[in-house]
Amino acid sequence: MIVETEAYAPDDPASHSYGGRTRRNVTMFGPPARLYVYRSYGVHWCANVVCAEEGVGAAVLLRALEPTHGLGRMRERRRLDDPTLLCAGPGRLAQALGLTGEHNGLRLDRAPFELIRGGPVEVVAGTRIGITRGADRAWRYALSGSSYVSRPRPRA
DNA sequence: GTATTGATCTTCT
DNA sequence: GAAGATCAATACA
């Protein structure tokens with residue numbers, strides 16, 4: 001269950017799509033409902049959902065999940081037992097799900113992916129994390145009260 | 001509990 | 001050559 005996300009827009013200085021296409025971010029400018037995976041700090045993979053029409057360049061970064069299925073495989077990939085740390089952060093999430101650059105550009109509405117609509121939830125907004133530009137936009141969204149988010153108390 | 005650092009990819013200066 | 005949508009290990013208070 002997705003419990004934490006951040007939004008990135010083309011007119012947003014913190015976004016990879018700011019300033020146009022590069023070899024890395026072409027997926028962001030492609031059709032929506034695809035996965036944009038990029039390498040972060042040379043070490044981690046981070047996964048986004050492309051969520052604007054082709055050519056726009058907007059996406060939502062998946063920052064944290066509450067693991068509900070496949071805990072065993074997540075633990076194998078992460079070499080870690082604590083379920084609250086398995087997917088608490090974009091790099092950890094990608095590692096737990098086994099996402100890499102191979103999955104960049106794949107459709108999320110067919111195998112091996114499946115998105116399931118959840119019930120109504122209470123969401124809190126706060127400032128985004130780990131960025132220096134565009135930090136004033138409160139575009140981080142977290143499930144209220146969840147203990148699986150990467151930072152417990154989003155600052156508004 | 002906070003602070004610092006190494007990992008070393010991609011983009012930009 | 002530097003910085004960045006990060007994490008984990010280590011060093012301190």
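Everything numeric here is computed off the predicted structure, so don't read it as measured data. Throughout, protein chains are lettered first and strands after them, A, B, ... in sequence-line order, and every chain is numbered starting at 1.
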A:A125 and A:A138 have their tightest heavy-atom pair at CB-O, 4.0 Å
Students should find that the hydrophobic cluster of A:L108, defined by side-chain heavy atoms under 4.5 Å apart, otherwise consists of A:I2, A:L35, A:V37, A:W45, A:V49, A:L62, A:L65, A:L71, A:M74, A:L80, A:L85, A:L86, A:L93, A:L97, A:L99, A:L106, A:F113, A:L115
Those residues at least two apart in sequence (or on a different chain) that pass side-chain contact (heavy atoms from CB on, under 4.5 Å) with A:A64 are A:V3, A:E4
inquiry  = Looking at A:D82 and A:R75, is there a salt bridge between them, counting it only when a charged N and a carboxylate O are closer than 4.0 Å?
reply    = no
For nucleotides C:dA13 and B:dT5, find the distance between their P atoms and express it as a whole number of Å. 14 Å
Letter by letter from the 5' end, nucleotides 6-13 of chain B scores (B base, S sugar-phosphate only, - none; protein heavy atoms under 4.0 Å) -BSBSSS-
Taken in chain and number order and not counting sequence neighbours, the residues that satisfy side-chain contact (heavy atoms from CB on, under 4.5 Å) with A:P32 are none
Output row for DNA chain C, stems defined as at least 3 consecutive Watson-Crick or G-U pairs under 3.5 Å, is B:1-7 with C:6-12, B:9-12 with C:1-4
task: Flag this pair as yes if the NZ/CZ of A:R63 is under 6.0 angstrom from the six-membered ring centre of A:Y141 and inside a 45 degree cone about the axis; otherwise no.
output: no
Hits for side-chain contact (heavy atoms from CB on, under 4.5 Å) against A:H16, two or more places apart or cross-chain, chain-then-number order -> A:R24, A:N25, A:M28, A:Y36, A:Y38
Taking the P atom of each, how far is B:dT4 from C:dA3, in whole Å? 16 Å
Expected list for residues 85-100 of chain A near DNA chain C, using heavy atoms below 4.0 Å, is A:G89, A:P90, A:G91, A:R92
Residues of residues 56-63 of chain A with a heavy atom under 4.0 Å from any atom of DNA chain C, listed by number, are A:L61, A:R63
| query | Is a side-chain N or O of A:R78 found less than 3.5 angstrom from the main chain of A:R73, in a donor-acceptor match? | reply | no
Contacts of A:V43 meeting side-chain contact (heavy atoms from CB on, under 4.5 Å) (sequence neighbours excluded), chain-then-number -> none
- Message: Let me check something: do A:V26 and A:Y18 share a hydrophobic cluster, defined by ILVMFWY side-chain heavy atoms less than 4.5 Å apart, either directly or through other members?
- Response: no
**Prompt:** Which part of the nucleic acid, if any, lies within contact of A:R21, taking any heavy atom under 4.0 Å across all strands shown: a base, the sugar-phosphate backbone alone, or nothing?
**Reply:** nothing
Output for pair (A:I131 CD1, A:R140 CZ), nearest 0.5 Å, gives 11.5 Å
- Using atom types as modelled and distance alone, determine if a side-chain donor or acceptor of A:N48 lies under 3.5 Å from a backbone N or O of A:V50. no
By side-chain hydrogen bond (donor to acceptor under 3.5 Å, both in side chains), A:D81 pairs with (sequence neighbours left out) none
Nt span of DNA chain C in reach of chain A heavy atoms at under 4.0 Å, 5' end first, is C:dG4 to C:dA8
For A:V60, the hydrophobic cluster (side chain heavy atoms closer than 4.5 Å, chained through members) also holds none
Strictly distance-based, threshold 3.5 Å: is any side-chain N or O of A:R107 a donor or acceptor partner for the main-chain N or O of A:R34? no
